[in-house]
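Since the structure comes first, as structure tokens, the remarks are kept for the end.
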Amino acid sequence: MSALFKFSYGLYVLTAREGEKDNGCIINTAIQVTVNPKQVSICVDKSNYTCSMIERTGEYNLSFISEEADFDLFRHFGFQSGKDVDKFADYPHADRAENGIFYVDKAVNAMISVKVKQTVDLGTHLMFIGEVTEEKVLSDVPSVTYQYYFDHIKPKPEQQPKVKGYVCKICGYVYEGETLPPDFICPLCKHGAEDFEPL
């Protein structure tokens, strides 16, 4: 079975390597573009450190998160910038693909390596379109969807007095205020205002 069979409206760990530095983050936009050759596209926020690494190196890996994942995986890759932390220094669940870039090998059901062929500037994001150079199916556990993440993985917030504001659907960061600026970027996971919802 092709690893691309695992694509879903899901969540992925995006990893890149530049020099001796590896980094990873969580993304939610990955699409298979063509079957022959196997090509995919991803969209990454320009403010994300992993995005700039891919822009310079032209390579990345995608690990398809499965329903076996726990919240620690999301906390590890989504809550801190790789500029400040070596996300793989003490992370035991990673292996290197043929391109030398780490991929997550636990709580994921497939991985692909991609060589970027085209970069498209979308304003706040870059779209990378590339050809699959390696693929592995790692398990038959279903891919995690947003609904599964919210229902089974993300911790339920404790009941607190009602606060006016917005919450990040990705990491749970709370912005307090009457209105959320349209250009607001989450300080934890670096997602934009479109990924926030009213409290």
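Along the sequence shown, the residues carry numbers beginning at 1.
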I'd like to check Val108 versus Ser66 (side-chain heavy atoms, cut-off strictly below 4.5 Å). Are they in contact? no

Under 3.5 Å: donor-acceptor pair, side chain of Tyr146, backbone of Asn28: no

Passes side-chain contact (heavy atoms from CB on, under 4.5 Å), Leu73 versus Val13? Steps please. CA-CA 9 Å; Leu73 180 121; Val13 180; 4.1 Å; yes

Shortest non-hydrogen contact from Gly192 toward Ile185: CA-CD1, 4.0 Å

Applying a strict under-4.5 Å side-chain criterion to I, L, V, M, F, W and Y, I'd like to know whether Val132 and Phe128 cluster together. yes

Cluster check Tyr49, Ile27: I/L/V/M/F/W/Y, side chain < 4.5 angstrom: no

Of the non-hydrogen atoms in Phe184 and Pro187, which two are nearest, and what is the gap between them? CZ-CD, 4.0 Å

About how many Å separate CD1 of Ile42 and CG of Leu126, when rounded to the nearest 0.5 Å? 9.5 Å

If you compare all heavy atoms of Ala30 against all heavy atoms of Tyr12, which two are closest, and at what distance to 0.1 Å? CB-CE1, 3.6 Å

Is any side-chain N of the basic residue among Glu55 and Lys46 closer than 4.0 Å to the acidic one's carboxylate O? no

Test item: Glu134 side-chain N/O and Glu98 main-chain N/O as donor-acceptor pair under 3.5 Å: yes

Identify each donor-acceptor pair in which a side-chain atom of residues 17-25 lies under 3.5 Å from a protein atom, sequence neighbours left out, and give them as a table.
| unit_1 | atom_1 | unit_2 | atom_2 | d |
| --- | --- | --- | --- | --- |
| Arg17 | NE | Gly19 | O | 3.4 |
| Arg17 | NH1 | Asp22 | OD2 | 2.3 |
| Arg17 | NH2 | Glu20 | OE1 | 3.4 |
| Glu18 | OE1 | Arg56 | NE | 3.1 |
| Glu18 | OE1 | Arg56 | NH2 | 2.7 |
| Glu18 | OE2 | Arg56 | NE | 2.7 |
| Lys21 | NZ | Gly82 | O | 2.9 |
| Lys21 | NZ | Val85 | O | 3.2 |
| Asp22 | OD1 | Arg96 | NH1 | 3.2 |
| Asp22 | OD2 | Arg96 | NH1 | 3.2 |
| Asp22 | OD2 | Arg96 | NH2 | 3.1 |
| Asn23 | ND2 | Thr50 | OG1 | 2.7 |

Taking the side chain as everything from C-beta on, heavy atoms only, tell me whether Ile170 gets closer than 4.5 Å to Cys186. no

Should the ring pair Tyr91 and His93 be called parallel, tilted or perpendicular, given that the plane angle runs from 0 to 90° and is split at 30 and 60? perpendicular

Flag yes if more than 12 heavy atoms outside Lys154 fall under 6.0 Å of its NZ atom; otherwise flag no. yes

To check you understand the geometry: which heavy-atom pair defines the closest contact between Ala193 and Pro181, and what is its length? CB-O, 3.7 Å

Would a hydrophobic clustering, with Ile, Leu, Val, Met, Phe, Trp and Tyr connected at side-chain separations under 4.5 Å, put Leu14 with Ile129? no

Please assess Ile112 against Asn61 for the test side-chain contact (heavy atoms from CB on, under 4.5 Å), listing each intermediate value before the final yes or no. CA-CA 6 Å; Ile112 59 172; Asn61 291 341; over 6 Å; no

Passes salt bridge (charged side-chain N to carboxylate O under 4.0 Å, His left out), Glu135 versus Lys38? Steps please. CA-CA 10 Å; Glu135 58 180 317; Lys38 291 179 181 175; 2.4 Å; yes

Rounding to 0.5 Å, atoms OG (Ser63) and CG (Leu138) come to a distance of 8.0 Å

Looking at CE of Met111 and OG1 of Thr15, how far apart are the two atoms once the value is rounded to the nearest 0.5 Å? 7.0 Å

Do Leu11 and Val104 land in one hydrophobic cluster if side-chain heavy atoms of ILVMFWY residues count as linked below 4.5 Å? yes

Asn109 versus Ser143, closest heavy-atom pair with distance: ND2-OG, 3.0 Å

Under a 4.5 Å side-chain heavy-atom rule over Ile, Leu, Val, Met, Phe, Trp and Tyr, are Ile26 and Phe150 clustered together? yes

With rounding to the nearest 0.5 angstrom, report the NZ to CD distance, Lys115 to Glu59. 4.0 Å

Nearest atoms (heavy-atom pairs only) where Ile101 meets Asn99: N-OD1, 3.0 Å

Could you note down all residue pairs passing side-chain hydrogen bond (donor to acceptor under 3.5 Å, both in side chains) where residues 168-191 supplies at least one of them, sequence neighbours left out? His191-Asp195

Rounded to the nearest 0.5 Å, what's the gap from CZ on Phe77 to CZ on Arg75? Could you check? 13.5 Å

Separation of Phe71 CZ from Ile153 CD1 (nearest 0.5 Å): 9.5 Å

So Leu199 and Val174, side-chain contact (heavy atoms from CB on, under 4.5 Å) or not? Walk me through it. CA-CA 8 Å; Leu199 287 171; Val174 174; 3.8 Å; yes

Step by step, would you call Phe102 with Asp95 a side-chain contact (heavy atoms from CB on, under 4.5 Å)? CA-CA 5 Å; Phe102 274 126; Asp95 197 5; 5.7 Å; no

